Trainee: 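If you scroll down you'll find the structure; I have some questions about it.
Everything numeric in this text was worked out from a predicted model, so none of it was measured. In what follows, every chain begins at residue 1, and chains take the letters A, B, ... in the order their sequences are listed.
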Amino acid sequence: MPRNMTKAAIAEAFRRWHAANPEPTTELEYGSPFQLLVAVVLSAQATDKGVNIATRKLFPAAPTPEAMASLGEAGIAEYIKTIGLYRTKAKNVAMLCRQLLERHGGEVPDDRESLEALPGVGRKTANVVLNTIFRQPTMAVDTHIFRVSNRMGLAPGKDVVAVEKALLRRVPKEYLLDAHHWLILHGRYVCVARSPKCAGCLVYDLCEASDKTV
DNA sequence: ATCCCGAGGG
DNA sequence: CCCTCTGGAT
């Protein structure tokens, strides 16, 4: 069980992440809000790198909800077979495209209700879309952010919703819009699940983890 | 709580 | 081999 980081330590951590990377963005590749939405749905329990490899062919072949809907479930599956959970994802994306066309004029809705009503879209995906496309101060708690928040003592919680609320409470307002991306990148490249790379961690001295490796 | 499920790393 | 990767639906 990690101790909680102090308010001052948290502020200093975000100052450093900001200084090192002033405008962090997702590593998912996309050319429109629709494509970001699909990419995030595909990224469940999969790496961004793997998703990008698939979408580099999928998106040119079907750039819009109309085109992707007409590809159909089986057509979509052909492009994403290299991604885990691909059958479920192909089904969800095909249905998601139809719903976008029928209920939202082919546009990505900008409210949580409508987003979470889409197949394959839950709280985490809705939060990513609201933050990345519509620049709302949401915190999407994925596997990385859940781990990092608990391990560092940044915003501990027993489930993802608890961690989300803790982050919204504890992250300084001026960093809230970009905090999501800094935490993801930190979790992906430094504070990794197995044997975290504490040597060379930007916030090592601020971290309350009980299992630091240096 | 369980299922879905391929690729890459250690 | 086992673990992990920007989860969601049942």
Trainee: Can you tell me the distance, in whole Å, between the NZ atom of A:Lys49 and the P atom of C:dT4?
Mentor: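 Taking NZ of A:Lys49 and P of C:dT4, I get 18 Å after rounding.
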
Trainee: Compare side-chain N and O positions of A:Gln45 against OP1 and OP2 of C:dC5 and report whether any pair is under 4.0 Å apart.
Mentor: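 So the side chain of A:Gln45 is outside the cut-off, no N or O lying under 4.0 Å from OP1 or OP2 of C:dC5.
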
Trainee: Is A:Arg170 reaching over with its side chain to a backbone N or O of A:Met5, donor-acceptor style, under 3.5 angstrom?
Mentor: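 Checked: pair present.
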
Trainee: Tell me: CZ of A:Arg87 to P of C:dT10, nearest whole Å?
Mentor: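 That distance rounds to 17 Å.
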
Trainee: Can A:Arg147 and A:Asp142 be counted as an ion pair, charged N to O under 4.0 angstrom?
Mentor: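 No, this pair does not count.
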
Trainee: Please give, in whole Å, the distance from B:dT2 P to A:Leu85 CG?
Mentor: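 Rounded to the whole Å, the gap is 17 Å.
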
Trainee: Atom OH of A:Tyr86 and atom P of B:dC3: how far apart are they, to the nearest Å?
Mentor: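 Atom OH in A:Tyr86 sits about 19 Å away from atom P in B:dC3.
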
Trainee: Hey, does the side chain of A:Lys89 reach the backbone of A:Ala44 with a donor-acceptor pair shorter than 3.5 angstrom?
Mentor: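 Such a contact is found between A:Lys89 side chain and A:Ala44 backbone.
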
Trainee: Between A:Arg147 and A:Gly120, who's closer to the 5' end of DNA chain C by nearest nucleotide?
Mentor: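 Its nearest nucleotide lies further toward 5', so the answer is A:Arg147.
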
Trainee: Within the structure shown, what part of the strands sits under 4.0 Å from A:Gly50 by heavy-atom distance: base, sugar-phosphate, or nothing?
Mentor: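 No contact at all - A:Gly50 keeps every heavy atom at 4.0 Å or more from the nucleic acid.
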
Trainee: So, using ring-ring contact (aromatic ring centres under 6.0 Å, His included) as the criterion, who are the partners of A:His186 when residues are at least two apart?
Mentor: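 Testing A:His186 for ring-ring contact (aromatic ring centres under 6.0 Å, His included), a comparison that skips the adjacent residues, returns A:Trp17.
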
Trainee: Can you measure A:Phe146 atom CZ to C:dG7 atom P for me and round it to whole angstrom units?
Mentor: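 A:Phe146 atom CZ is separated from C:dG7 atom P by 12 Å.
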
Trainee: Quick one, which residues of residues 170-189 of chain A touch DNA chain C with a heavy atom under 4.0 Å?
Mentor: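 Result for residues 170-189 of chain A: A:His180, A:Ile184, A:Arg188, sorted by number.
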
Trainee: Across the strands shown, which category fits A:Val121 at heavy-atom distances under 4.0 angstrom: base, sugar-phosphate, nothing?
Mentor: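 If one applies the 4.0 Å heavy-atom cut-off, A:Val121 turns out to touch the sugar-phosphate alone, with no base involved.
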
Trainee: With respect to the phosphate group of C:dG8, does any side-chain polar atom (N or O) of A:Thr125 fall under 4.0 Å of OP1 or OP2?
Mentor: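 Answer yes for this pair, as a side-chain N or O of A:Thr125 is under 4.0 Å from OP1 or OP2.
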
Trainee: Could you tell me whether the side chain of A:Ser70 and the main chain of A:Ala67 form a donor-acceptor pair under 3.5 Å?
Mentor: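 Looks like yes, one N/O pair under 3.5 Å.
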
Trainee: Can you name the nearest heavy-atom pair linking A:Gln99 to A:Ala117, along with the distance?
Mentor: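 Closest heavy-atom pair between A:Gln99 and A:Ala117: OE1-O, 3.6 Å.
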
Trainee: Just how far, in rounded Å, is P of B:dA1 from CG of A:Asp159?
Mentor: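 It works out to 12 Å between those atoms.
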
Trainee: Atom CG of A:Asn127 and atom C1' of C:dG8: how far apart are they, to the nearest Å?
Mentor: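 Distance, rounded to whole Å: 14 Å.
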
Trainee: A:Ala193 side chain: which of B:dG6, C:dG8, C:dT4 is closest?
Mentor: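 Closest nucleotide to the A:Ala193 side chain: C:dT4.
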
Trainee: Between A:Phe14 and A:Tyr175, how do the two ring planes meet: parallel, tilted or perpendicular, split at 30° and 60°?
Mentor: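 Judged by the thresholds at 30° and 60°, the geometry between A:Phe14 and A:Tyr175 is parallel.
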
Trainee: Quick check on DNA chain C: between A:Leu118 and A:Thr25, whose nearest nucleotide comes earlier from the 5' end?
Mentor: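 Nearer the 5' end of the strand: A:Thr25.
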
Trainee: Please report, rounded to the nearest Å, how far the P atom of C:dC5 is from the CD1 atom of A:Ile145.
Mentor: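 Result: 12 Å.
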
Trainee: About how many Å separate CD of A:Glu78 and NZ of A:Lys57, when rounded to the nearest 0.5 Å?
Mentor: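 It is 11.5 Å, given to the nearest 0.5 Å.
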
Trainee: Please answer whether the main-chain N or O of A:Ala179 pairs with a side-chain N or O of A:Asn131 as donor and acceptor at a distance below 3.5 Å.
Mentor: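 Not confirmed, A:Asn131 side chain does not pair with A:Ala179 backbone.
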
Trainee: Just call it for A:Gly84: base, sugar-phosphate, or nothing, with non-hydrogen atoms closer than 4.0 Å on any strand.
Mentor: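 Counting heavy atoms under 4.0 Å across all strands, the contact made by A:Gly84 includes a base.
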
Trainee: Please check this pair: side chain of A:Arg151 against backbone of A:Ala193, looking for a donor-acceptor N/O pair closer than 3.5 Å.
Mentor: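 Yes: the side chain of A:Arg151 pairs with the backbone of A:Ala193.
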
Trainee: Can you check nucleotides 7-10 of chain B for protein contacts, nitrogen or oxygen pairs under 3.5 Å, and list what you find?
Mentor:
from  : atom 1 : to       : atom 2 : distance (Å)
B:dG9 : N2     : A:Arg194 : NH2    : 3.2

Trainee: Suppose you measure atom P in B:dA7 against the same atom in C:dG8; what distance do you get, rounded to whole Å?
Mentor: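 Those two atoms are separated by 22 Å.
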
